[in-house]
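Below, each value reflects all heavy atoms present in this structure, side chains not excepted, and no hydrogens, waters or symmetry copies.
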Amino acid sequence: RYVVKLEKSIEFSRKALEINPAHVDSIYNLFFLKKFTEYDDELKQAESLYGLTKTIHEKRSLSFALFKAYNDLKDYKKAYCYLKNGNDTAKEMSVLDPQHDIKIMSLIRKVFTKEYIEMKKQELNIPCSKYKRPVFIVSMPRSGSTLVEKILSSHSKVSTAGEPMYFKQCCGSLQFNFSLNDPMLSSKFDLEALAEEYLKLLSSHANADDTYVIDKLPINFATLGLI
């Protein structure tokens with residue numbers, strides 16, 4: 001899906017649904033990949049599952065999938081109902097704490113100064129030349145990051161990994177104490193190993209001739225200091 005191989009993406013979504021017809025994430029992927037021109041069996045099956053969703057995540061995803069289908073069919077009344085249900089469910093799932101976000105951003109600005117980053121670069125020995133060069137696209141949701149990704153990945157030397165959780169996965173074990181001048185408690189060797197693990201995972205999405213690979217997970221803005 002992320003490398004815009006739509007027919008293959010549709011094929012694999014349908015194969016997943018052959019194995020588990022109630023797999024909501026596959027329904028969501030399929031519905032946003034295909035263009036509906038009629039009320040077909042796939043739409044009928046998805047709608048029959050709507051009242052049977054087991055989790056709030058499934059309800060949200062199925063609501064948005066059905067919105068997409070009915071919007072394609074120009075049945076805007078039904079499309080609106082499913083869109084509203086999806087947004088209402090997403091709102092239930094959201095736990096927003098603006099003060100927490102402000103605190104995190106303030107810490108990033110305070111700790112990861114130009115001088116601090118230069119110091120860490122001198123300490124670390126990461127074999128970057130072995131891997132593709134990462135390009136991070138960070139943003140708030142719905143701010144145009146996908147358009148930027150598509151423009152950059154149209155270049156012959158650029159691949160995209162979509163929105164992987166690799167950076168969070170690799171850095172989850174790092175330890176900090178922000179009351180210290182150097183808050184990084186993890187060792188130089190841990191940092192080098194985690195950085196190389198991330199580069200290896202990201203590079204697996206690139207072709208042999210590519211130079212760059214895009215990581216477009218918007219929430220990576222919260223780890224800009226580490227990046």
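- Leu174 and Tyr116 fall within the same hydrophobic cluster, defined by Ile, Leu, Val, Met, Phe, Trp and Tyr side-chain heavy atoms under 4.5 Å apart, directly or through other members.
- Counting heavy atoms of neighbouring residues, nucleotides and ligands inside a 6.0 Å radius, atom CG of Asp41 does not exceed 12 of them.
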* Let me see the working for Thr211 and Val158 under side chain to side chain contact (heavy atoms under 4.5 Å, CB included), right down to the final yes or no. => CA-CA 6 Å; Thr211 304; Val158 181; over 6 Å; no
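- Residue pairs meeting the ring-ring contact (aromatic ring centres under 6.0 Å, His included) criterion with at least one member in residues 179-204, sequence neighbours excluded: Phe136-Tyr198, Phe167-Tyr198.
- In this model, a donor atom of one side chain and an acceptor atom of the other lie less than 3.5 Å apart for Glu149 and Thr160.
- Not one N or O on the side chain of Thr223 forms a donor-acceptor pair closer than 3.5 Å with the backbone of Leu226.
- Atom OG of residue Ser204 and atom CG of residue Leu202 lie 7.5 Å apart, to the nearest 0.5 angstrom.
- Considering all non-hydrogen atoms of both residues, Ala161 and Val213 come closest at N-CG2, 4.0 Å.
- No side-chain donor from either of Tyr50 and Glu58 sits under 3.5 Å from a side-chain acceptor of the other.
- Contact record, Leu33 with Ser9: CD1-CB, 3.5 Å, taken as the closest heavy-atom pair.
- No side-chain heavy atom of Asp190 sits less than 4.5 Å from a side-chain heavy atom of Gln175.
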Query raised in the report: Hey, mind stepping through Val138 and Lys216 against side chain to side chain contact (heavy atoms under 4.5 Å, CB included) and telling me if it holds?
Result: CA-CA 6 Å; Val138 299; Lys216 192 198 79 76; over 6 Å; no
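- The heavy-atom pair separating Pro21 from Ile27 by the smallest distance is O-CD1, 3.9 Å.
- Between the side chain of Ser203 and the backbone N or O of Lys132, at least one donor-acceptor pair lies under 3.5 Å.
- Clustering ILVMFWY residues whenever any of their side-chain heavy atoms sit less than 4.5 angstrom apart, transitively, puts Leu201 in a cluster other than the one holding Tyr212.
- Looking only at side-chain heavy atoms (C-beta outward), Gln45 and Leu17 stay at 4.5 Å or farther from each other.
- Side-chain atoms of His205 and Asp210 include no donor-acceptor pair closer than 3.5 Å.
- A 4.5 Å side-chain heavy-atom check between Pro218 and Glu163 finds at least one atom pair inside the cut-off.
- Residue Ile214 is not grouped with residue Met165 when hydrophobic side chains (ILVMFWY) are merged at heavy-atom distances under 4.5 angstrom, including chains of intermediate members.
- Rounding to the nearest 0.5 Å gives a distance of 7.5 Å between CG of Leu194 and OG of Ser186.
- The NZ atom of Lys54 sits 10.5 Å away from the CG atom of Leu49 when rounded to the nearest 0.5 Å.
- Side-chain atoms of Tyr166 and Glu197 include no donor-acceptor pair closer than 3.5 Å.
- For the pair Asp215 (side chain) and Leu217 (backbone), a donor-acceptor distance under 3.5 Å is present.
- Taking NZ of Lys200 as the start and NZ of Lys130 as the end, the distance is 8.0 Å to the nearest 0.5 Å.
- Using the six-membered ring where Trp is involved, Tyr28 and Phe32 have ring planes that are tilted, between 30° and 60° apart.
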_Residues Tyr70, Leu43; criterion side chain to side chain contact (heavy atoms under 4.5 Å, CB included); working and verdict_ = CA-CA 9 Å; Tyr70 280 109; Leu43 177 51; 4.2 Å; yes
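- Of the possible donor and acceptor atoms, none in the side chain of Glu192 sits under 3.5 Å from a partner among the backbone N and O of Ile126.
- A distance-only check finds a donor-acceptor pair linking the side chain of Lys68 to the backbone of Lys34 [under 3.5 Å].
- The two atoms that bring Tyr39 and Lys44 nearest to each other are OH-CA, 3.6 Å, heavy atoms only.
- Of the N and O atoms on the side chains of Asn71 and Tyr82, not one donor lies less than 3.5 Å from an acceptor on the other residue.
- For the pair Asn207 (side chain) and Asp209 (backbone), a donor-acceptor distance under 3.5 Å is absent.
- Salt bridge Glu18/Lys15: absent, no basic N to carboxylate O contact under 4.0 Å.
- Contact annotation: the side chain of Ser63 never approaches that of Leu83 to less than 4.5 Å [non-hydrogen atoms, C-beta and beyond].
- Ring centers of Phe31 and Phe36: under 6.0 Å apart, within the cut-off.
- Between Asp88 and Arg60 no salt bridge is recorded (no basic side-chain N to carboxylate O distance below 4.0 Å).
- Listed by chain and residue number, His23 satisfy the side chain to side chain donor-acceptor pair (under 3.5 Å) test with Ser26 (two or more places apart in sequence, or in another chain).
- Nearest heavy-atom pair across Phe221 and Ile108 is O-CD1, 4.0 Å.
- For the atom pair CG (Leu73) and CD (Glu38), the distance works out to 8.5 Å, reported to the nearest 0.5 Å.
- With contacts defined as side-chain heavy-atom distances shorter than 4.5 Å, the pair Met105/His100 does not qualify.
- A ring-centre distance under 6.0 Å is not found for Tyr76 and Tyr80.
- Around atom NZ of Lys188, more than 12 heavy atoms belonging to other residues, nucleotides or ligands sit under 6.0 Å away.
- The CD atom of Glu115 sits 4.5 Å away from the OG1 atom of Thr113 when rounded to the nearest 0.5 Å.
- Following chains of ILVMFWY side-chain contacts shorter than 4.5 Å, one cannot reach Ile137 starting from Ile227, and the two form parts of different hydrophobic clusters.
- Following chains of ILVMFWY side-chain contacts shorter than 4.5 Å, one can reach Ile219 starting from Met140, so the two form part of one hydrophobic cluster.
- By the 4.0 Å N-to-carboxylate-O rule, Glu123 lies close enough to Lys120 to be salt-bridged with it.
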